[in-house]
Structures are given as C-alpha cells and as structure tokens.
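Quick notes on the structure that follows.
Naming convention: chains lettered A, B, ... in sequence-line order (proteins, then strands); numbering from 1 in each chain. The structure presented is a predicted model; accordingly, all values stated were derived computationally and were not measured.
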Protein chains: 2
Amino acid sequence: MHQQPATARRVTIVDVARQAGVSTTAVSKVLRDAYGTSPHMRSRVRAAVDELGYRPSAAARALRGRTWTLGVMLPDVRNPFFADILDGVGEHLDDTEYQLFMTSGCNDATSEARVTEAMIDRSMDGLILIAPVSPPAHLDRLARTVPTVVIGRHSHSPRFDTVNDDDFTGAGLMVAHLAGLGHHRIAHIEHHETDRIRLAEMPNALRADGYRHAMHQHGLGEHIDIASTTYTRDGGYHGARILLDRKNPPTAIFAGADVVALGVLDALTEAGLSVPGDVSVAGYDNITLAGFRAISLTSVDQAGHRIGSTAARLLLERITDHTRPAAQVKLSPTAVVRGTTGPPR
Amino acid sequence: MHQQPATARRVTIVDVARQAGVSTTAVSKVLRDAYGTSPHMRSRVRAAVDELGYRPSAAARALRGRTWTLGVMLPDVRNPFFADILDGVGEHLDDTEYQLFMTSGCNDATSEARVTEAMIDRSMDGLILIAPVSPPAHLDRLARTVPTVVIGRHSHSPRFDTVNDDDFTGAGLMVAHLAGLGHHRIAHIEHHETDRIRLAEMPNALRADGYRHAMHQHGLGEHIDIASTTYTRDGGYHGARILLDRKNPPTAIFAGADVVALGVLDALTEAGLSVPGDVSVAGYDNITLAGFRAISLTSVDQAGHRIGSTAARLLLERITDHTRPAAQVKLSPTAVVRGTTGPPR
DNA sequence: GTGAAAGCGCTAACAG
DNA sequence: CTGTTAGCGCTTTCAC
C-alpha cells in the first residue's frame with residue numbers, strides 16, 4: 001500500500017498484541033486457529049482485533065505462510081460461458097477465507113506465461129487455468145511450483161487436476177438431435193487447430209471428433225462437412241458463408257461454440273434465410289444469451305457452474321494436501337433444445 | 001507460494017547478487033532503475049538475472065515499496081460493457097510493469113467492502129472501481145488509503161478521480177433520435193433507485209433525468225412514461241410487460257441499458273409484436289452484442305474503451321503523485337442507430 | 001499454554 | 001558509485 005502523509009498507520013499484529021496484553025505469537029496463533037491457545041487468550045485477542053479493526057497484511061503473510069489468494073486465468077471476459085464457471089468457483093469459495101482474483105485477455109502462450117508468472121510472483125496459493133493454450137510441459141512446470149487446476153483441457157498430468165465436460169459425447173448429443181429431426185446434411189464449424197498436442201487435448205478438437213464419430217454412427221458419414229475457422233463470432237460468420245456456398249449446402253449447422261452460432265445467425269440473416277425454416281442452427285456451451293427469447297439457440301449445456309465449483313474444491317484439496325494424486329473429473333453435457341432447430345424442409 | 005518437497009527453491013535477490021558479484025542493494029537498484037548504478041554493474045546484474053531466471057517477489061516488495069499490482073472491481077462479468085472498459089485499461093497498462101487483477105460479483109455495499117479490503121490487504125498500488133454502490137463516505141475513506149479511480153459514478157470527491165460518460169446527454173440523444181422518427185409515446189425503463197445520494201450520483205438516475213428533460217424539450221412532456229425495474233434482462237422483460245399493459249402503450253421503448261433492451265425484445269417477441277414495426281426499441285451502452293446482425297440494437301455508445309484507458313492513465317498519475325488534485329473526466333456519448341428503431345406505424 | 005527471537009525477500013538510509 | 005545495515009509484518013521454531 002502507499003504511505004499516506006502520516007495519516008492512520010495501518011494496524012499491525014504488534015498493536016493487537018499490545019492492546020490484548022499478549023505476545024504477537026499469541027495473536028498469530030489465534031488468527032490461524034493454531035494449536036496452543038487458551039479460551040481466555042482467544043477472547044482477549046478477538047476483542048482487540050475487533051476494536052482496532054486489525055486486518056492481517058497478505059504481503060507479510062506471504063513471506064512465511066499462505067496469502068489466502070487464488071488466481072483464475074480467463075482467456076476472455078466476453079465469453080459468457082466463463083462467467084458460469086466463475087460463479088461456481090465463487091460459490092464454493094464463499095465460505096472460506098480465500099479471495100479470488102482473475103486476469104483476462106490471455107489468448108496466446110506468451111501472455112499466459114506472463115500472467116501465470118505474475119500470479120506466482122504474488123505468492124498466490126493456487127491457480128485455476130481456464131482453457132489454457134500453453135504447451136503441456138509448461139503447465140506441468142507451473143503445477144510443480146503452485147497447486148493448479150486446469151479447466152477445459154483434456155490432459156493427464158500427474159501434477160495438476162483437470163475438470164472437463166465430455167466434449168466428444170456432447171457433440172454426439174447434438175448430432176443425434178439433428179439427425180432425429182430428419183437432417184442429413186449436418187455441417188460443423190470447428191476451431192482450426194494445427195498443434196499436434198493440442199489436437200488431442202483441446203475441447204474444440206474433441207467436439208469435431210465427436211461430430212465425425214456421431215455422423216458415422218447415424219449413417220451420415222458421406223455428409224460430413226466441416227468448415228474450419230475460429231471460435232469467434234467472425235469465425236461463425238465466415239464458416240457459414242463457406243458452407244452456404246457449397247453445391248449442396250447443409251440443412252443444419254452445428255457450431256462448435258455458441259459465439260460461433262451467433263455469427264452463423266448473422267450470416268443467415270444477411271443471406272435472407274430463415275431459422276430454423278431454411279437452416280437449423282445449434283451451438284455449444286449454452287451461454288446465458290442462448291436462452292434469450294430473441295435468440296433461443298439450441299445448444300449443449302456444459303454445466304459451467306458445476307465445473308467451477310468442482311475446480312475450486314479440487315484446488316483447495318490440493319492446497320491442503322500436495323501429495324494427493326491428480327484427479328481428472330469429466331462431467332456430462334446435456335442437449336438443450338430451443339427455437340433454432342427444427343425439421344428440414 | 002507453497003513450498004514443494006525441497007524442489008527448486010525460488011531464486012532470490014541474494015542469489016543474483018552472488019552470481020553477479022555485487023551487493024543485493026546493487027541488484028535492487030538496477031531492477032528499479034534507481035539512481036547510482038554504473039553501466040558495468042547494470043550489465044553484470046542483468047546477465048545474472050537472465051541466467052538465473054530471477055523474478056522479484058511481489059510479497060517481499062510489498063513490505064517496503066510497491067507491488068506493481070492494480071485491482072479492478074467489477075460488479076458483474078456478464079455485462080459486456082465492462083469488458084470494453086477492461087480492454088481500455090489493459091491497453092494502457094501493457095507498456096508498464098503493472099499487472100491487473102480483477103474481482104467480480106460485487107453487487108452490494110457489503111461485498112464491495114469485502115473486496116476492497118481484500119485488495120488493500122494485498123497491498124495493491126491502486127484501485128479502479130467500476131460502478132460501485134458503496135456510500136460516498138466509504139469511497140472517500142478508501143481513497144485516503146490507496147490511490148483510487150471511480151468509473152460510472154458522478155461523484156465530486158477531492159480524494160479520487162472519476163471517469164464518466166455524460167449519461168444525461170446520452171439519454172437526450174436517444175430521445176431526440178426517436179422523436180425525430182416521429183414517435184410521441186416514448187417510454188423509458190429505469191433502474192429503481194431509492195437511496196438519496198445514489199440518486200444524484202448513479203448513471204441510471206441521470207439517464208432517467210436526461211430522458212425526462214429531453215421529453216419536455218421536444219414538447220412530449222405529457223407522454224413521459226417510466227417503468228421502474230432493474231438493469232437486468234429480467235428487469236427489461238417485466239418493464240416491457242408493464243408498458244405494454246398501458247391503456248395507450250408506447251410506440252418506442254428506450255431502455256436504460258442494453259441488457260434491459262434485450263429483455264424488452266424477449267417480451268415483444270413473446271407478445272407477437274414486431275420490431276421496429278410495432279414498437280421501436282433502444283438501449284444504452286452499445287455492448288458488442290448490440291452489433292450482432294441477429295439483434296441489431298439501436299443504442300448509445302459510451303466509448304467504454306476510452307473510459308478504461310483514461311481511468312488507467314489517471315490512476316498511474318495518482319500513484320506517482322498523491323497530491324495532484326482530483327480530476328473529473330466526462331466523456332461524450334454518441335447514438336448508434338441500428339435496426340430496432342424506425343418510424344411509428 | 002505462552003512468548004522471545006530468528007528470518008522470509010526486499011528496499012531505504014546511511015556510510016564509505 | 002557501492003555496500004552494510006536495519007527493518008517492513010508476519011509465522012515459526014524452541015525454550016520456558
């Protein structure tokens with residue numbers, strides 16, 4: 001903190017000790033519910049703390065023990081799915097002393113490294129990484145330094161826990177829904193991925209795999225049609241343009257993410273096509289927006305809230321016990337059918 | 001950070017000093033570009049830092065100087081307008097050593113206090129508060145402790161800077177647009193506010209005032225019609241229901257925020273009314289979503305990006321010079337006309 | 001059950 | 001220009 005012109009100096013543990021007539025050691029112990037404090041001492045210290053409005057300095061604590069600070073790395077505040085995850089994390093942490101801080105805007109390995117370093121520099125007690133793109137080796141090194149939980153990445157490191165939704169199954173659910181409506185030409189828009197390792201770990205790749213697999217299962221293998229763009233609104237727009245330009249355009253477009261589906265809707269609106277009359281559209285993530293009546297997007301729900309609370313639970317466990325073997329939690333998605341999908345013409 | 005089983009102990013300033021063959025003071029000085037370092041020493045230290053991969057501990061620094069950490073308090077990650085602000089803040093900070101951390105989910109004075117305390121406990125060098133609801137006295141006390149910039153609140157404290165968009169004028173712009181299209185029965189949905197002080201400081205109140213004022217100016221005083229709900233999607237939905245149930249329902253609804261307008265669109269869709277054929281709809285904030293073709297919402301643009309970068313600039317200035325008089329920056333909004341507004345039937 | 005004392009990694013006086 | 005020294009506020013042995 002910045003020193004003010006000799007205004008109120010911050011209350012320290014020494015002040016509390018003096019006020020309570022005990023040692024600083026005693027205060028420290030009471031504050032941390034440590035062993036070796038008498039009820040009498042506890043009450044005296046508590047009273048002094050309240051009276052003086054004492055708050056422990058996290059910075060000073062950091063030099064010896066923990067900071068009671070957790071960091072969440074968010075790729076993008078704009079993706080509403082991440083907000084659901086945050087809700088879940090926050091809810092689990094509400095009853096604890098931990099305080100959560102997040103960063104956003106990490107979209108490449110370099111800025112991810114910068115941010116995680118910054119979190120370590122600040123002695124955070126644990127990290128939750130949402131959909132990181134860094135190479136597995138980097139994540140591993142990181143997790144060796146600080147307890148870490150990774151969300152949205154199908155890794156199997158012994159050093160950190162992972163929480164994921166089963167993207168392969170989720171994509172299958174949506175293909176089943178569309179096929180059940182009678183669609184054959186069901187196209188998919190995927191997030192273009194070149195990195196070999198990430199191809200196996202990133203949800204986008206698994207969704208595309210799930211799509212392919214399900215298409216085959218429904219006897220629609222010949223109709224597999226994938227536009228490879230990005231998981232953004234623009235990516236959806238361009239993906240739709242590509243698909244609509246086919247000789248035989250699809251009757252249903254399954255976008256790998258809701259934001260992509262929104263871009264698809266933009267393109268269809270522009271092309272004067274009706275939804276779901278001319279083309280059915282489905283997304284993935286079930287962002288809050290998908291439920292808006294004006295949009296009413298059929299989507300796959302990932303239970304972001306549960307993902308978040310699970311991650312928080314695992315992180316606290318790992319902070320308490322470093323040696324616990326790493327867990328890989330996989331949650332089950334569900335299809336949410338709304339107004340943008342219907343039978344083909 | 002949590003100590004690992006005797007794995008790599010973190011590199012400290014002592015290690016660097018030994019490696020470079022100089023004192024820790026020297027290292028510290030070089031790192032902070034302080035006065036009194038020879039080129040030769042600088043290069044030796046820099047080399048040692050790189051070789052050892054040394055990173056200063058923010059926790060240790062905090063006990064003496066600054067932490068190079070700034071905090072942003074965000075009421076709600078889901079409001080996309082805040083993302084624009086964050087972009088602006090982040091951009092201004094990119095060239096600096098400062099690292100930004102944010103919290104979200106502060107929707108009442110109690111949780112705001114909890115979060116700001118947490119930031120102070122962690123020795124953050126400066127705070128940016130976005131649309132705080134705490135009483136002015138609390139903000140004042142806070143700003144006495146740590147350099148603070150408040151966004152989205154028309155206060156005039158000598159202790160902290162404020163950055164705002166001119167909400168009064170913005171509301172007037174939208175009324176002018178709708179009146180210019182030929183609308184008379186232009187209704188407004190406001191965020192219900194009871195607190196007397198906040199009535200004068202909060203943007204929502206100023207927007208409602210601006211609406212009233214502009215209606216009078218356009219000779220539409222008799223048509224002033226306000227539904228008082230909340231700045232949420234639900235608030236918009238219910239506000240629209242209220243307005244549509246009037247004997248003489250409005251031909252245009254000006255919502256105090258884009259999220260509210262989205263709820264209005266929901267209600268209109270449900271009621272089978274066309275937009276803008278039956279009813280024109282306008283929002284406020286120009287969130288990214290408003291630009292989506294599938295929505296195409298007419299709105300007031302607040303230049304969130306500029307708000308953010310201005311706030312960051314002011315905060316850094318204030319950290320450097322505590323005595324600089326507080327600034328109140330007011331930016332000018334613009335109307336963005338899209339597809340949800342048109343002439344009345 | 002309780003407290004004295006050492007020290008976490010860094011910065012700021014102050015000598016040299 | 002450079003290094004020695006004394007803390008910052010807390011936790012943690014380790015005596016008592």
Task: Partners meeting side chain to side chain donor-acceptor pair (under 3.5 Å) with B/T116 (sequence neighbours left out) - done: none
TODO: Please state whether the rings of A/W68 and A/Y98 are parallel, tilted or perpendicular, taking 30° and 60° as the class boundaries.
DONE: tilted
Open item on the list: For the residue pair B/S28 / B/R32, report whether a side-chain donor-acceptor contact shorter than 3.5 Å exists.
Closed with: yes
- [ ] Taking atom types as modelled, find out whether B/T69 and B/Q99 have a side-chain donor-acceptor pair closer than 3.5 angstrom.
- [x] no
TODO: For A/R66 and D/dG9, give me the distance from atom CZ to atom C1', rounded to whole Å.
DONE: 18 Å
Open item on the list: In whole Å, I'd like the distance from the CZ atom of B/R44 to the C1' atom of D/dG3.
Closed with: 15 Å
TODO: Would you confirm whether B/R153, through its side chain, and B/M202, through its main-chain N or O, come within 3.5 Å as a donor-acceptor pair?
DONE: no
TODO: Look only at the side chain of A/S57 and the backbone of A/A59, and say whether a donor-acceptor pair between them is shorter than 3.5 Å.
DONE: yes
Open item on the list: Roughly what angle, to 10°, lies between the helix axis at the start of the helix from C/dG1-D/dC16 to C/dG16-D/dC1 and the one at its end, five pairs per end?
Closed with: 40°
Task: Within-4.5 Å side-chain heavy-atom neighbours: B/L139 and B/R159 - done: no
- [ ] For side chain to side chain contact (heavy atoms under 4.5 Å, CB included), just list the numbers for B/N164 and B/I151, CA-CA rounded to whole Å, side-chain angles, deciding distance to a tenth of an Å, and then say yes or no.
- [x] CA-CA 6 Å; B/N164 285 289; B/I151 293 177; 5.8 Å; no
Open item on the list: Strictly below 4.0 Å: does A/T37 bring a side-chain N or O up to OP1 or OP2 of C/dT2?
Closed with: no
TODO: Kindly state which residues belonging to residues 45-53 of chain A come within less than 4.0 angstrom of DNA chain D, counting heavy atoms of the residue only, listed by number.
DONE: none
TODO: Do nucleotides 7-16 of chain C as a string where each nucleotide becomes B, S or -: B if the base has a protein heavy atom under 4.0 Å, S if just the sugar-phosphate does, - if no protein is that close.
DONE: BBBBBBB---
Task: Residues forming a side chain to side chain contact (heavy atoms under 4.5 Å, CB included) with B/E91, sequence neighbours excluded - done: B/H305
Task: Residue list, salt bridge (charged side-chain N to carboxylate O under 4.0 Å, His left out) with B/E112, at least two apart or on another chain - done: none
